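Along the sequence shown, residues are numbered consecutively beginning with 1. Since the model is a prediction, treat every value here as computed from it, not as a measurement.
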Amino acid sequence: MLIYGRNVAYEILNLKPEIIKKIYIQSGFDDRNVISLIEKNKFNIKTLSRDQMDNLANGVHQGIILDVSDYKYFKMDDIKEDANFIVMLDHIEDPHNFGAIIRTCEAAGVEYIIVPQDREVLVNSTVMKTSAGSLIRSKIVKVPNLSNAISKLKDMGFWIYASAMDGEDFTEIDYSSKTCLIIGNEGKGISPIVRKNSDYIVSIPMKGVINSLNASVATGILIYEVVRNRK
């Protein structure tokens, strides 16, 4: 998998250099923080022209591209009993939304992000770059069935809060217990079976003409309400 961008490169070089297989840099690349980490880890690099870098990367590379091993997902059994805050994504399709959600989750202290193995965007170069490297610090749990995952979380003492347009005001809910917050698909929202298995349906009140928010924006609002509620 090719990863590009200075912030992401710095995070990987600093935290998980062992996943790097090859490094490409553009001629004249001068980010000393990144270069010092490359030299510290004694990586061999390949210097390319700007045109060659542009052809290699499917996006803005900022002069550096890393060829890294594919992301290693966690399993439900990896979730520790003392986990307290989990976000579940119900078939998010946009890699930019996924990356932005990962970034918010890491910043807010969400311990695990659960995703289904089918009909969901998975970790790719765009997700990694949009997360600004937060993915390296995050634990993404991939499961074959969200309903089964919800059942296991309930057995672990979690309360399940699914977001939808017709639920209770999200600010009126008590999130002091172990919390799993579920975010639905960008177009279809929460799937019926996930909704049925949730303990609460929560909504963000809308006062404008537009009646919905971008999935990553809504996730950020809901996550930080949980954080605020626990102060």
Engineer: Do N197 side-chain atoms and I193 backbone N/O form a donor-acceptor pair below 3.5 Å?
Structural biologist: yes
Engineer: Should L15 and Y4 be regarded as members of a common hydrophobic cluster, given that ILVMFWY residues are connected when their side-chain heavy atoms come within less than 4.5 Å of each other, either directly or indirectly?
Structural biologist: no
Engineer: Does NZ or CZ of K46 come closer than 6.0 Å to the centre of the six-membered ring of Y24, within 45° of the ring's axis?
Structural biologist: no
Engineer: For the pair Y161 and Y200, name the ring-plane relationship: parallel under 30°, tilted 30 to 60°, perpendicular over 60°.
Structural biologist: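 Y161 and Y200: parallel rings.
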Engineer: Applying a strict under-4.5 Å side-chain criterion to I, L, V, M, F, W and Y, I'd like to know whether M128 and L2 cluster together.
Structural biologist: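 No; L2 is not reachable from M128 via cluster members.
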Engineer: Is a donor on one side and an acceptor on the other found under 3.5 Å between the side chain of S36 and the backbone of N33?
Structural biologist: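 Yes: the side chain of S36 pairs with the backbone of N33.
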Engineer: Return yes if some donor-acceptor pair links the side-chain N/O of R195 with the main-chain N/O of I190 below 3.5 Å, else return no.
Structural biologist: no
Engineer: Are V121 and V115 packed together at the side-chain level, in the sense that at least one heavy-atom pair is separated by less than 4.5 angstrom?
Structural biologist: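 V121 does not reach V115 side chain to side chain.
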Engineer: Please determine whether a side-chain nitrogen of the Lys or Arg among K80 and E111 lies less than 4.0 Å from a carboxylate oxygen of the Asp or Glu.
Structural biologist: no
Engineer: Taking all non-hydrogen atoms of both residues into account, name the closest pair between M1 and V123 and its distance.
Structural biologist: SD-O, 4.1 Å
Engineer: Can you check whether G63's main-chain N or O pairs, donor with acceptor, with Q26's side chain at less than 3.5 Å?
Structural biologist: no
Engineer: Does any N or O in the side chain of T179 come within less than 3.5 Å of the main-chain N or O of S177, such that one atom is a donor and the other an acceptor?
Structural biologist: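 Yes, T179 side chain to S177 backbone: donor-acceptor pair under 3.5 Å.
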Engineer: Measure the spacing between CD1 of I182 and CE of M88 and express it to the nearest 0.5 Å.
Structural biologist: 5.0 Å
Engineer: Keeping N55 on the side-chain end and Q52 on the backbone end, is there a donor-acceptor pair under 3.5 Å?
Structural biologist: no
Engineer: Nearest heavy-atom pair of V141 and K75: which atoms, and what distance?
Structural biologist: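 That would be CG1-C, 3.5 Å.
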Engineer: Starting at CD1 of I20, measure out to CG of L66 and round the result to the nearest 0.5 Å.
Structural biologist: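 With rounding to 0.5 Å, CD1 (I20) is 5.0 Å from CG (L66).
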Engineer: Using only atom types and a distance under 3.5 Å, with no angle test, would you say the side chain of N41 pairs donor to acceptor with the backbone of L37?
Structural biologist: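 Yes; at least one donor-acceptor contact below 3.5 Å.
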Engineer: Okay, side chain of T219, backbone of I101: is any donor-acceptor separation there less than 3.5 Å?
Structural biologist: no
Engineer: Are the charged groups of D199 and K154 less than 4.0 angstrom apart, N to O?
Structural biologist: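 Salt bridge present between D199 and K154.
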Engineer: Taking atom SG of C105 and atom CD1 of I140, what is their separation to the nearest 0.5 Å?
Structural biologist: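 C105 SG to I140 CD1: 7.5 Å, rounded to 0.5 Å.
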Engineer: Measure the shortest side-chain to side-chain distance between I221 and F170 over non-hydrogen atoms and say whether it is less than 4.5 angstrom.
Structural biologist: yes
Engineer: Is there a side chain to side chain contact (heavy atoms under 4.5 Å, CB included) between D67 and I3 once you walk through the steps?
Structural biologist: CA-CA 6 Å; D67 184 1; I3 304 299; over 6 Å; no
Engineer: Should the pair R230 and F85 be classed as cation-pi, given the thresholds of under 6.0 Å to the six-membered ring centre and 45° from the axis?
Structural biologist: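 Positive - R230 is close enough to the ring of F85 and near enough to its axis.
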Engineer: A quick test of your reading: do over 12 heavy atoms of other residues, nucleotides or ligands sit less than 6.0 Å from CG of D166?
Structural biologist: yes
Engineer: Hey, is the main chain of Y175 close enough, under 3.5 Å, to the side chain of N229 for a donor-acceptor pair?
Structural biologist: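 Side chain of N229 to backbone of Y175, a donor-acceptor pair under 3.5 Å: yes, one is there.
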Engineer: Which heavy atom of E186 sits nearest a heavy atom of A215, and at what distance?
Structural biologist: CG-CB, 4.2 Å
Engineer: Using the rule that two of Ile, Leu, Val, Met, Phe, Trp, Tyr join whenever any of their side-chain heavy atoms come within less than 4.5 Å, decide whether V194 and V87 are in one cluster.
Structural biologist: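 Same hydrophobic cluster.
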Engineer: Identify whether the distance between the nearest side-chain nitrogen and carboxylate oxygen of K142 and D118 falls below 4.0 Å.
Structural biologist: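 No.
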Engineer: Does I102 form a side chain to side chain contact (heavy atoms under 4.5 Å, CB included) with F98? I'd like the steps, not just the answer.
Structural biologist: CA-CA 6 Å; I102 292 170; F98 189 20; 3.6 Å; yes
Engineer: What are the two closest non-hydrogen atoms of I201 and A164, and how far apart are they?
Structural biologist: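 Minimum heavy-atom separation between I201 and A164: CG2-CB, 3.6 Å.
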Engineer: So which heavy atom on P17 is nearest to which on F43, and how close?
Structural biologist: O-CZ, 3.4 Å
Engineer: Determine whether the side chains of S176 and D174 contain a donor N or O and an acceptor N or O closer than 3.5 Å.
Structural biologist: yes
Engineer: Between atom CD1 of I12 and atom CD1 of I64, what is the distance when rounded to the nearest 0.5 Å?
Structural biologist: 9.5 Å
Engineer: Transitively linked via ILVMFWY side-chain contacts under 4.5 Å: L153 with I223?
Structural biologist: yes
Engineer: Can you tell if the side chain of P116 reaches within under 4.5 Å of the side chain of H91, non-hydrogen atoms only?
Structural biologist: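 In short, these two side chains touch, coming nearer than 4.5 Å.
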Engineer: Say you draw a straight line from CE of M156 to NZ of K178; how long is it, rounded to the nearest 0.5 Å?
Structural biologist: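 M156 CE to K178 NZ: 5.0 Å, rounded to 0.5 Å.
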Engineer: For a 4.5 angstrom cut-off between non-hydrogen side-chain atoms, does L146 reach V143?
Structural biologist: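 They are in side-chain contact.
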Engineer: Side-chain contact test, heavy atoms from C-beta onward, threshold under 4.5 Å: evaluate it for I38 versus L13 and give yes or no.
Structural biologist: yes
Engineer: What about I204 and I173, same hydrophobic cluster or not, with Ile/Leu/Val/Met/Phe/Trp/Tyr joined at side-chain heavy-atom distances under 4.5 Å?
Structural biologist: yes
Engineer: If you define the side chain from C-beta out and look only at heavy atoms, does anything of V68 sit under 4.5 Å from K21?
Structural biologist: no
Engineer: Determine the minimum heavy-atom distance between T171 and E225, stating which atoms define it.
Structural biologist: CA-OE2, 3.7 Å
Engineer: Within this structure, what is the CD1-CG distance for the pair I92 and L122, rounded to the nearest 0.5 Å?
Structural biologist: 12.5 Å
Engineer: Please tell me whether D90 and N185 have a donor and an acceptor in their side chains that are separated by less than 3.5 angstrom.
Structural biologist: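 Result is no, nothing qualifies.
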Engineer: Check this for me: K42, atom NZ, are more than 12 non-hydrogen atoms of other residues, nucleotides or ligands nearer than 6.0 Å?
Structural biologist: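 No - once you tally the heavy atoms of other residues, nucleotides and ligands closer than 6.0 Å, there are 12 at most.
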Engineer: S131 side chain to G99 main-chain N or O, any donor-acceptor pair under 3.5 Å?
Structural biologist: no
Engineer: Could you tell me if the side chain of L48 sits less than 4.5 Å from the side chain of L56, heavy atoms only?
Structural biologist: yes
Engineer: Is there a side-chain contact between D77 and K152 in this structure, where contact means two heavy atoms from C-beta onward sitting under 4.5 Å apart?
Structural biologist: yes
